[in-house]
There are 2 protein chains.
Amino acid sequence: MSVTLKDVAALAGVSRSAVSRTFTEGASVSAKTRSKVEKAAQTLGYSPNALASSLTTGRTKLIGLISNNFHNPIFLEVFDQFTRALQERGLRPLIVNLTDETEPANSVRMLRQYSVDAVIVASSTLPPSFAKAFHDAGVPVVHTFGRSATSPEVHVVGIDNVESGRMAARELLARGYKRIGYLGGPKDATSARDRYRGFMEEVEKHPSIAVSYSFADNYSFEAGRAEMLRLLQGTPAEGYFCGDDILSIGALSALSDHGLKPGIDIGIIGLNDMEMSRWESVALTTIHQPIKQIITSSVDLVEEMLKDPKRYPEARIFPCRVIERGTLRPRP
Amino acid sequence: MSVTLKDVAALAGVSRSAVSRTFTEGASVSAKTRSKVEKAAQTLGYSPNALASSLTTGRTKLIGLISNNFHNPIFLEVFDQFTRALQERGLRPLIVNLTDETEPANSVRMLRQYSVDAVIVASSTLPPSFAKAFHDAGVPVVHTFGRSATSPEVHVVGIDNVESGRMAARELLARGYKRIGYLGGPKDATSARDRYRGFMEEVEKHPSIAVSYSFADNYSFEAGRAEMLRLLQGTPAEGYFCGDDILSIGALSALSDHGLKPGIDIGIIGLNDMEMSRWESVALTTIHQPIKQIITSSVDLVEEMLKDPKRYPEARIFPCRVIERGTLRPRP
DNA sequence: GGAAGTTTTGCAACCGATTGCAAGTTTCAT
DNA sequence: ATGAAACTTGCAATCGGTTGCAAAACTTCC
């Protein structure tokens, strides 16, 4: 069927080793054989079977990319960045869509069957234990957007979620909001909990401030909208920190239903700064999470681990910053 | 390092063949050996190396998934559906992000190196020749969202883009718009051209109707917005068919800048019916493209091709229908 | 020209599985 | 108990490559 090493060797009149060597970086071949081989390979249309070679080399260049955020548009950006960053380095993403399950066992088994060189868990909602399961199975792993504090056994790249919560609280307070609220992602997501913690920590320094909180069912437009609609049935706060831009946009939609103007009637600050938040019709004031840097750094880290799988675990934390748009009242 | 067939065989006290056979469907093993092997495998934590077995079986269950639409949110839905559908059937998506190139040679080579069993080209902008390159290289291929008419050599699953153009035109005419326009995707995308063709074909039956057209730079919010802003500098038409929901949403944003109300001042009809179009703040009237059915059918087709790689090429065309929301004036 | 040093080459074993074949074991009817 | 038929099993070759090792082929230098 397809053309193999042997065919090329035969045509070029050399041994199979010679052919193998012309296709492996830094192997010893004379210019003469190399050119003979290359010509033969050319005419036969040969290209080496990466999977076969992985058998002996132990490297597949396959990287498992696991996620469960398929309803948050930010993830398209994340996907785009990841696939590109991996491709640029000659690595191949093998996707796992975890939409309905959070049990690592299956994914671990499957990814081991395919001998992935490493795994990237790209999710802010999966627990550290999920990533750790790969580590325990001997698979190098990076948890991007993961929780840093409590997972010393696994590489984590992302932001300090607690600090981002504080930052949001400070921002709302600086704008003079007196009754503020946290509208977070799903209660069991580490990111939602950490942001909550930071937010509360900061607010509690100011006893005069009234604070409330609630958690949406997941990081999605619908969940954000539903939660804000619920809040609007009672007495809403003056300003909200929504734990993610997509929640914010859902919340904005709820406000609009009630004829409320964001930034005027009710303040909203999000987190992520996704493309959509920049749209003029959205103009969301938000905390910028440096997605691109986080992803590049994650892939860098993956490469490091390919060289040294026992690399000492590390947390790479990137700072966030507030992006001023139109959904908070101006600072006084 | 990792535990292999041999280790299990040794522990279970049987030959390697016996182990292999207990792990392959429908092979001949006695209940006794099977249980011995399973126990040994259990204690060792063995699971077969899919790549090694692919060497002899010639099947990897790896499916190349190629796309270039990483700036259209619809693609997140597409991605979600594809990865799930493949997973459910025990197939593994190997992603290729084609953002900057349209030259098939590289992708073909790479995917052949990884011995993918088949390739799915998920793009409405790549030409039929792109998909054909895989066919020519002997790789089974399905072009999802591809152009059906002129590519008899490759399986295509999608909609009839020409007909969708006609449908849009009929809808605008039925609402009594007298000056209508097509705001399409990139000029070199087959989908944009076919929709244009159908649109014009239908309009030309009505000589009294004034028609105009233009093409956005790509299928993105920014491109749609930019193009509509440009149109608004002159004398815009009364109703537009935007060749994709994301273009429509970009266009809506432009209208809003000019204080124009969609459905009242200017009509907009999109195509796709993506999640976002259902958001109350968007409420886009659009032509529903049955994404889920298209994707399921594509993966079905992939499975068929695994059984019979020489399967006679087929176009699977799914009907669309208009979804009435708020961006067209009501039918009289 | 020849010794020593450096490169290049092919052989053969190996990576982790599968599978045709023949020998060994069961089953079962007689 | 016997023989034929049906299952199981292990051997050994194979899939498409890589790589350590020793032999062969070049260089270099005197």
Side-chain angles (χ1 to χ4, degrees), chain A residues 1-38 40-41 44-62 109-117 138-139, chain B residues 1-38 40-41 44-62 109-117 138-139:
Chain A
M1 177 68 217
S2 82
V3 12
T4 75
L5 207 68
K6 202 161 59 179
D7 305 325
V8 179
L11 179 59
V14 298
S15 74
R16 288 156 56 238
S17 334
V19 180
S20 169
R21 283 193 258 256
T22 68
F23 283 96
T24 52
E25 203 73 15
S28 157
V29 243
S30 67
K32 193 152 45 131
T33 22
R34 150 156 281 135
S35 81
K36 272 195 298 187
V37 169
E38 273 168 354
L44 258 40
Y46 167 79
S47 70
N49 180 329
L51 268 22
S53 73
S54 85
L55 251 193
T56 33
T57 61
R59 285 234 164 322
T60 55
K61 303 205 168 211
L62 251 24
R109 189 160 34 72
M110 185 242 120
L111 289 171
R112 282 197 12 172
Q113 287 185 344
Y114 280 85
S115 322
V116 293
D117 287 348
V139 181
Chain B
M1 176 68 216
S2 85
V3 14
T4 77
L5 207 63
K6 202 162 60 178
D7 306 325
V8 179
L11 180 59
V14 297
S15 74
R16 286 155 59 238
S17 333
V19 180
S20 170
R21 283 193 258 257
T22 68
F23 282 95
T24 53
E25 204 72 14
S28 158
V29 242
S30 68
K32 196 153 41 132
T33 22
R34 151 157 279 133
S35 80
K36 271 196 298 190
V37 169
E38 274 168 353
L44 258 39
Y46 168 78
S47 69
N49 180 329
L51 268 24
S53 72
S54 85
L55 250 192
T56 32
T57 60
R59 286 231 161 328
T60 55
K61 304 206 167 211
L62 251 24
R109 188 161 34 74
M110 186 238 120
L111 288 171
R112 280 196 13 172
Q113 287 185 343
Y114 280 84
S115 321
V116 294
D117 288 347
V139 180

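Keep in mind that what you see is a predicted model, and the values were worked out from it rather than measured. Chain naming here is simple, since letters A, B, ... match the order of the sequence lines and numbering starts at 1 in each.
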What integer distance in Å separates Phe23(B):CZ from dT9(D):P?
15 Å

dT9(C) OP1/OP2 closer than 4.0 Å to side-chain N/O of Thr33(A):
yes

First locate atom CE of Met110(B), then atom OG of Ser47(A), and finally report the distance between them rounded to the nearest 0.5 Å.
10.5 Å

Separation of Leu51(B) atom CG from dT18(D) atom P, in whole Å?
14 Å

Report the nucleotide, chosen from dG10(C), dT9(C), dT9(D), that has the shortest atom-to-atom distance to any side-chain atom of Ser30(B).
dT9(D)

Could you tell me which non-hydrogen atom of Ser54(A) sits nearest to which non-hydrogen atom of Leu51(A), and how far apart they are?
OG-O, 2.7 Å

Nucleotides 15-17 of chain D: which of its N/O atoms have a protein N/O under 3.5 Å away?
from, atom 1, to, atom 2, distance (Å)
dG16(D), N2, Ala52(A), O, 3.3
dG17(D), OP1, Tyr46(A), OH, 3.4
dG17(D), OP1, Asn49(A), N, 3.1
dG17(D), OP2, Leu5(A), N, 2.7
dG17(D), O5', Tyr46(A), OH, 3.2
dG17(D), O5', Asn49(A), N, 3.4
dG17(D), N7, Arg16(A), NH2, 3.0
dG17(D), O6, Arg16(A), NH2, 3.0

Answer yes or no: is there a donor N or O on one side and an acceptor on the other, between the side chain of Ser20(A) and the main chain of Arg16(A), under 3.5 Å?
no

Specify the closest pair of heavy atoms between Arg34(A) and Arg21(A), including all atoms of both residues, with the distance to one decimal.
NH2-O, 4.4 Å

Between Thr4(B) and Asp7(B), does a side chain to side chain contact (heavy atoms under 4.5 Å, CB included) hold up when you go through it step by step?
CA-CA 5 Å; Thr4(B) 77; Asp7(B) 306 325; 3.6 Å; yes

Check every strand shown and say whether Val19(A) touches a base, only sugar-phosphate, or nothing at a heavy-atom separation below 4.0 Å.
nothing

Whole-Å distance between dC7(D) P and Arg34(B) CZ?
15 Å

Do Ser17(B) and dC11(D) share a donor-acceptor pair, side chain to base, under 3.5 Å?
yes

Measure from NZ on Lys32(A) to P on dG10(C) and round the result to the nearest Å.
11 Å

Just the rounded figure in Å: distance from C1' of dA17(C) to CZ of Arg59(B).
17 Å

Angle between the two end axes of the helix from dG1(C)-dC30(D) to dT30(C)-dA1(D), five base pairs per end, rounded to 10 degrees?
30°

With the side chain of Val14(A) defined as its heavy atoms from C-beta on, choose the nearest nucleotide among dG10(C), dT19(C), dT8(D).
dG10(C)

Can you tell if the side chain of Val139(B) reaches within under 4.5 Å of the side chain of Val116(B), non-hydrogen atoms only?
yes

So, taking the atom named CG in Leu62(A) and the one named OH in Tyr114(B), what distance separates them when rounded to the nearest 0.5 Å?
5.5 Å

If you compare all heavy atoms of Val3(A) against all heavy atoms of Leu44(A), which two are closest, and at what distance to 0.1 Å?
CG1-O, 3.4 Å

Rounded to the nearest angstrom, tell me the gap between atom NZ in Lys36(B) and atom C1' in dT8(D).
12 Å

Quick one: does Thr60(B)'s side chain have a donor or acceptor within less than 3.5 Å of a partner on Ser115(B)'s backbone?
yes

